[in-house]
Asks: 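Here it is, the structure in full.
These figures come from a predicted structure and were not determined experimentally.
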Amino acid sequence: MRIASIKYRRLLIVFYALCMMHVAFVSSCARMGSPDGGPYDETPPKVVSTSPKFGSSNVKHAKKIVIEFDEIVKVENAMENVVISPPQIEQPEISATGRKVTIDLIDSLKPNVTYTIDFSDAIVDNNEGNPYGDYAFTFSTGEQVDTFQMSGHVLDAQNLEPIKGMLVGLYREEEGTTLPDSTFRTLPFERISRTDSKGHFVVKGLASGNYRAFALKDQNQNYIYDQPAEMVAFSDRILSPSSRPDVRPDTVWHDSIHYDSIVYTPYTHYYPDDIALLAFESALQNRYLLKSERLTPQMFTIYFTAPSDTLPHLKGLNFDVEDAFIVDATPHNDTINYWVKDSLIYNLDTLTIQMDFFATDTAGVLALTTDTLWLVSKLTKEKIAKEQQEKYEEWVKEYKQQLKEARRAARRAEKENADNPDVLPISDASETPEKADKSDKRKKKKKDDDENIDIPPMPEEFLEYKTSNLQAMVPDKNIDFTFPEPLESVDLSKIHLSIQVDTLFQPVEFLFRQKLDDIKTYRLYAEWEPDTTYQLVIDTTAFVGIYGKRVEASKRAIRMKRLDTLSTLFVTLQGGRTAQSSSSNSQLPTGTWDGALVQLLDGSDKVVKTIKAQRGKADFYFVEPGTYYLRLIDDLNGNGLWDTGDYDQHLQPEPVYYNPNAITLKAQWEISQDWNPTLLPISEQKPLKITKQKPDKAKMPKNRNAERLRKKKEG
């Protein structure tokens, strides 16, 4: 009985356990959710071992570096994020397998050199993507490991945009010597880094001494400036690395929004940390014929890869080139349109041309080159005839439709005016034999009328053109006329500008001139008065294109804005250009900003107005309300443009500065703004609001446990 009792109790326990499992299973099914898998892993991976040992010296033959972590990891975008210094001509192989990251170096190790493999924040754990942090593996083939660092920014010289992915390199200057300019063109960098999304870089593993810094958009990955099209930056500043103890504030975050505290962490501060490299593309690039095309019979275009001071010389091989073209070239002669004036020439199927031009030879020198062009129009005679036939058929269809509508209107009017009230409508469906006969006669007459319609000539096709906005103009603007082709003639007597005085329009004087940089654009100048209406009348023969088209007569109203809807900004420039910024091509004195171009920019970094500074001032009148920014171009050669640099001539690009603060203008406001363009470091000037290259979001642990806990409390 005792044994049976024990068996019975055991059976009850098993039965009870099975029931509880069933209840748990049913309950979990009812919740329609997965069981809680425990807290998320928010701990970044940790290095547990390396081969060779981190910071080792006298490493002679290590071609494989292995870094082992405490969990499975991966390396994100290794080709972009990992930088090995000194640079490797043969690109190493970087891989992550399980807990190990392996770097296979293909180049031979250099003697007595510190090697740095900078992963930045590319190493993350495999599951949650928690970043290991800023990590650089270091070893030395010599007796000691060099630990100095230098940092700074690379910016686009024209607009101070941070440049991401730019290569930054250093050369060491021996004491008492000057680095030859040819070094950058013939020898690979000694130490390198790469810029991040902020344009920031850190060159690590430096020994004490003097260095020169360069930046390069390395197209062929040989760490040498040997391609004229490569973006480049250089500095004459002598850089000597140093360090001192410092403290930085680190924020301890509770979650992605709230922080717990700020901890002050001691660290080693390396100098210099303010290197500024302004990158540019040289105007003196390799020049060759890119392509030529003839989109229409009347015009062909020649494209070159780089500017030139001279136009190519053309010789017609199947036509007389004398006075055959109107030349429409860009300011630097890299794109040239040739408008063919004579119909006997442009009606040729193929224009055969011998062209003499300057191109870069194999020695990198501009030399006179001869090429032959066979230019066939992409718009063939057959296609032109087809398009004209389609236009004519469309015109015939439209004319007949208009004629039908006019006849219907006439019949309706005739019916309404008829004296006999018994006349049935033409569309009456009840027909007697007599009415049916009359209906047949009407249909036959209508058919005969349709077949005997005399189609008049197509209306004249006028020369179309575009003008700048004529409504809500501000008084310091003028009117641009842009034509699709060069003009044969301009008759100023056919242009009438008048101002409204009371209810009448009175003529006003104006100037009408072709723009210097565009032969197809003309500008109408006048002394515009605010809060005034003008009238612009263009007669049919005012403008005639080179192919005989006239413009259509038009009458347009021009409305000037009221002064009380506009703003005024007075800018006073403080400080002045330094002797260093005023390079050898400068025509302007130091200690002043006279002659500099001060630009008012909108929220997309586009120029709204440009004023040349005089006596330290730049005044902007008639500005529409809005938020604006300021840029200054130190126009050292006084040509009214920003000019790029040239490494071979040791010429830096013209300096550019930004006011870091936005300026809000409202109607009727007059704002005075003092600005010292050199007060802030160049890397801190451009406002983030108008910076197109935004910083990448920093990698941080995701704090998913805190987020899950918050959701549980809320739900």
Side-chain angles (χ1 to χ4, degrees), residues 39-56 65-85 94-103 114-139 145 147-153 164-165 168 192-206 243 245-256 259-270 273 695-707:
Y40 293 106
D41 175 18
E42 295 181 351
T43 304
K46 296 179 181 179
V47 176
V48 296
S49 67
T50 64
S51 175
K53 187 177 179 181
F54 179 88
S56 297
I65 291 91
V66 179
I67 306 169
E68 185 174 357
F69 293 83
D70 63 347
E71 59 180 306
I72 299 174
V73 296
K74 57 185 177 181
V75 181
E76 296 181 335
N77 299 323
M79 293 298 294
E80 297 180 9
N81 294 327
V82 182
V83 178
I84 301 179
S85 185
I94 303 173
S95 60
T97 305
R99 298 183 179 186
K100 295 181 180 180
V101 174
T102 304
I103 304 98
T114 295
Y115 276 80
T116 302
I117 305 174
D118 191 350
F119 289 89
S120 185
D121 60 356
I123 299 176
V124 299
D125 69 38
N126 189 64
N127 293 328
E128 303 297 334
N130 294 313
Y132 176 68
D134 189 8
Y135 179 68
F137 181 81
T138 300
F139 68 92
V145 177
T147 59
F148 282 125
Q149 303 177 9
M150 292 192 292
S151 59
H153 292 81
K164 182 179 179 180
V168 178
I192 63 168
S193 179
R194 188 177 289 120
T195 57
D196 61 15
S197 59
K198 299 177 183 178
H200 185 256
F201 66 88
V202 181
V203 186
K204 301 177 180 179
L206 299 178
S243 65
D246 206 340
V247 176
R248 65 166 167 251
D250 291 329
T251 303
V252 179
W253 292 91
H254 177 72
D255 53 36
S256 59
Y259 69 90
D260 286 331
S261 60
I262 296 178
V263 178
Y264 292 90
T265 306
Y267 76 106
T268 301
H269 195 149
Y270 293 98
D273 60 357
D696 292 339
K697 187 176 181 180
K699 292 181 180 178
M700 296 180 64
K702 298 178 181 179
N703 294 311
R704 295 175 65 183
N705 291 319
E707 183 69 17

Asks: So, does N81 use its side chain to make a donor-acceptor pair with the main chain of E76 at under 3.5 Å?
Replies: yes
Asks: Fit a plane to each ring of Y115 and F139, take the angle between them on a 0 to 90° scale, and name the class: parallel (under 30°), tilted (30 to 60°) or perpendicular (over 60°).
Replies: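 Parallel.
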Asks: If I take atom CD1 from residue I65 and atom OG1 from residue T50, how far apart are they, to the nearest 0.5 angstrom?
Replies: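 Separation between the atoms: 10.0 Å.
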Asks: Donor-acceptor pair, T195 side chain versus H200 backbone, under 3.5 Å?
Replies: no
Asks: Nearest 0.5 Å please: distance from the CD1 atom of I94 over to the CE atom of M79.
Replies: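 Those atoms lie 7.5 Å apart.
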Asks: Any idea which heavy atoms bring A78 and V75 closest together, and the distance?
Replies: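 Minimum heavy-atom separation between A78 and V75: CB-CG1, 3.8 Å.
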Asks: As an exercise, state the distance from OH of Y135 to CG of D121, rounded to the nearest 0.5 Å.
Replies: 14.5 Å
Asks: Any side-chain heavy-atom pair from D696 and D196 closer than 4.5 angstrom?
Replies: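 No, every pair of side-chain atoms sits at 4.5 Å or beyond.
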Asks: Using the side chain to side chain contact (heavy atoms under 4.5 Å, CB included) rule, take I103 and F119 through it: C-alpha gap first, then chi angles, then the decisive distance, then the call.
Replies: CA-CA 11 Å; I103 304 98; F119 289 89; 3.7 Å; yes
Asks: Rounded to the nearest 0.5 Å, what separation is found between the CD1 atom of I123 and the CG atom of D134?
Replies: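 It is 10.5 Å, given to the nearest 0.5 Å.
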Asks: From F201 CZ over to D118 CG, what is the distance, rounded to the nearest 0.5 angstrom?
Replies: 13.0 Å
Asks: So, D70 side chain and K46 main chain: donor-acceptor pair closer than 3.5 Å or not?
Replies: yes
Asks: Before we go on, tell me: are the rings of F69 and Y132 under 6.0 Å apart, centre to centre?
Replies: yes
Asks: In Å and rounded to the nearest 0.5 Å, what is the OH to OG1 distance from Y270 to T268?
Replies: 4.5 Å
Asks: Work out which heavy atom in P44 is nearest to a heavy atom in P131; give both atom names and the distance.
Replies: CB-O, 3.2 Å
Asks: I72 versus N127: any side-chain heavy-atom pair under 4.5 Å?
Replies: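 Answer no - side chains too far apart.
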Asks: Going through the checks in order, is the side chain to side chain contact (heavy atoms under 4.5 Å, CB included) test met by V124 and K74?
Replies: CA-CA 6 Å; V124 299; K74 57 185 177 181; 3.6 Å; yes
Asks: Quick one: which of N130, V101, I67, V47 gives a side-chain contact (heavy atoms from CB on, under 4.5 Å) with V73?
Replies: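 For V73, the side-chain contact (heavy atoms from CB on, under 4.5 Å) check succeeds only for V101.
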Asks: Give a yes or no on whether the backbone of V202 and the side-chain of S193 come within a donor-acceptor separation of less than 3.5 Å.
Replies: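 Yes, the answer is positive, given that a donor and an acceptor are paired below the 3.5 Å cut-off.
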